[in-house]
2 protein chains.
Amino acid sequence: MARSPTTSDVFNAVAEAQRRQILTVLAAGELSVNALATTLNLRQPAVSKHLAVLKEVELVQVRGVGQQRLYSLNAAALKPIYDWAATFQTLWTGRLDRLEEHLADLLAQQKGDTP
Amino acid sequence: MARSPTTSDVFNAVAEAQRRQILTVLAAGELSVNALATTLNLRQPAVSKHLAVLKEVELVQVRGVGQQRLYSLNAAALKPIYDWAATFQTLWTGRLDRLEEHLADLLAQQKGDTP
DNA sequence: TGAATATATTCTGATAAAGGAATATATTAG
DNA sequence: CTAATATATTCCTTTATCAGAATATATTCA
């Protein structure tokens with residue numbers, strides 16, 4: 001098998017730095033494809049392709065206005081990443097008092113995972 | 001150019017689900033390669049390769065004990081992911097706030113509708 | 001020393017990503 | 001209808017992944 005497709009989940013979609021940049025820019029408000037391209041100094045086709053990936057994992061949504069397509073961020077789709085990383089938070093903050101709770105969460109989480 | 005190597009940064013390293021699972025298991029404490037393999041039902045060479053990737057981005061560290069190699073988690077290396085995702089936190093909590101408001105409106109509206 | 005155990009590496013094959021260039025598809029303007 | 005603008009898609013090449021099998025490299029023990 002090859003590497004998981006970028007469209008398979010949010011983690012893979014966000015692995016690419018340029019796509020993270022796009023999301024960061026979109027956090028300030030919806031933008032057209034060309035606006036994104038000039039802002040990030042990227043080629044238009046490249047931006048369109050990145051947006052297609054982000055749209056497939058529902059990190060962005062489109063709204064057609066005239067000949068433009070305005071893309072906006074769906075920040076809620078990032079929550080799985082935040083939640084996963086937050087699971088380890090107590091481990092780097094050095095707060096060990098919540099470690100038991102943390103491990104309980106991990107066990108519960110792992111139960112639902114694929115083997 | 002091809003896709004960025006999995007070893008290029010933490011985001012790419014963590015994009016693979018099995019590597020996330022390895023980190024989750026290691027959160028409970030250091031483990032040998034074979035212990036990880038049996039726990040996650042993976043082949044030993046696969047685990048070794050995944051660990052090599054995780055080690056290159058400093059998500060894990062090794063300690064040699066006899067013929068075993070005990071891998072442990074370096075949770076601090078996950079902080080960049082947490083920090084990046086946390087940047088968007090206010091956006092999705094705000095969205096939820098608006099959703100609650102919206103639902104409240106719907107409820108009020110429905111209350112007025114039905115006699 | 002030699003066998004056994006634990007882990008790492010190498011090789012192959014299939015898959016797919018990303019960039020560039022060119023082109024296709026809307027949508028609006030004149 | 002035609003031109004112009006905005007965006008999407010296709011083709012091609014390069015590169016890198018992951019899985020699997022086989023093999024290589026420790027390290028310990030008898």
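Chain identifiers are assigned alphabetically (A, B, ...) following the order of the sequence lines, protein sequences preceding nucleic acid strands; residue numbering begins at 1 within each chain.
- Across all strands shown, A:Q68 has heavy atoms under 4.0 Å from sugar-phosphate atoms exclusively, and none from any base.
- Straight-line distance from the CZ atom of A:R63 to the P atom of D:dA6: 17 Å, rounded to whole Å.
- Separating the CZ atom of B:R43 from the C1' atom of C:dT9 is a distance of 18 Å, rounded to the nearest angstrom.
- For C:dA8, its base sits under 3.5 Å from the side chain of B:Q44 at one donor and acceptor pair at least.
- Geometrically, A:R63 does not engage A:Y71 in a cation-pi contact defined by less than 6.0 Å to the ring centre and at most 45° from the axis.
- In summary, the side chains of B:T93 and B:Q89 do not present any donor paired with an acceptor at a separation below 3.5 Å, with no hydrogens or angles considered.
- Using a 4.0 Å heavy-atom distance criterion, A:S4 is classed as making no nucleic acid contact.
- Look at CG on B:L42: it is 13 Å from P on D:dC18, rounded to the nearest Å.
- Between B:F11 atom CZ and D:dT17 atom C1' there is a gap of 20 Å when expressed in whole angstrom units.
- Between A:K49 and A:T6, the residue whose closest nucleotide on DNA chain C is further toward the 5' end is A:T6.
- Here the P atom of nucleotide C:dT7 and the NZ atom of B:K55 are 14 Å apart, to the nearest Å.
- Nearer the 5' end of DNA chain C, as judged by each residue's closest nucleotide, is the contact made by A:H50, out of A:H50 and A:Q67.
- Contact between B:E58 and B:N74 at its shortest, heavy atoms only, is O-ND2, 2.8 Å.
- Distance from the side chain of B:V33 is smallest for C:dT7 among the nucleotides C:dA21, C:dT7, D:dA19.
- Between B:V14 and B:L59 there is a side-chain heavy-atom pair separated by less than 4.5 Å.
- Between B:V53 and B:E16 there is no side-chain heavy-atom pair separated by less than 4.5 Å.
- Not one side-chain nitrogen or oxygen of B:N34 sits closer than 4.0 Å to the OP1 or OP2 atom of C:dT5.
- Rounded to a whole Å, the CG atom of B:N12 is 15 Å from the C1' atom of D:dC18.
- A sub-4.0 Å separation between OP1 or OP2 of C:dA6 and a side-chain N or O of B:Y71 is absent.
- The distance from atom CZ of A:R3 to atom C1' of D:dT14 is 14 Å, rounded to the nearest whole Å.
- Here the nucleotide nearest the side chain of A:R69, chosen from C:dA22, D:dT7, C:dA18, is D:dT7.
- Rounded to whole angstrom, the span from the CG atom of A:L70 across to the C1' atom of D:dT5 amounts to 15 Å.
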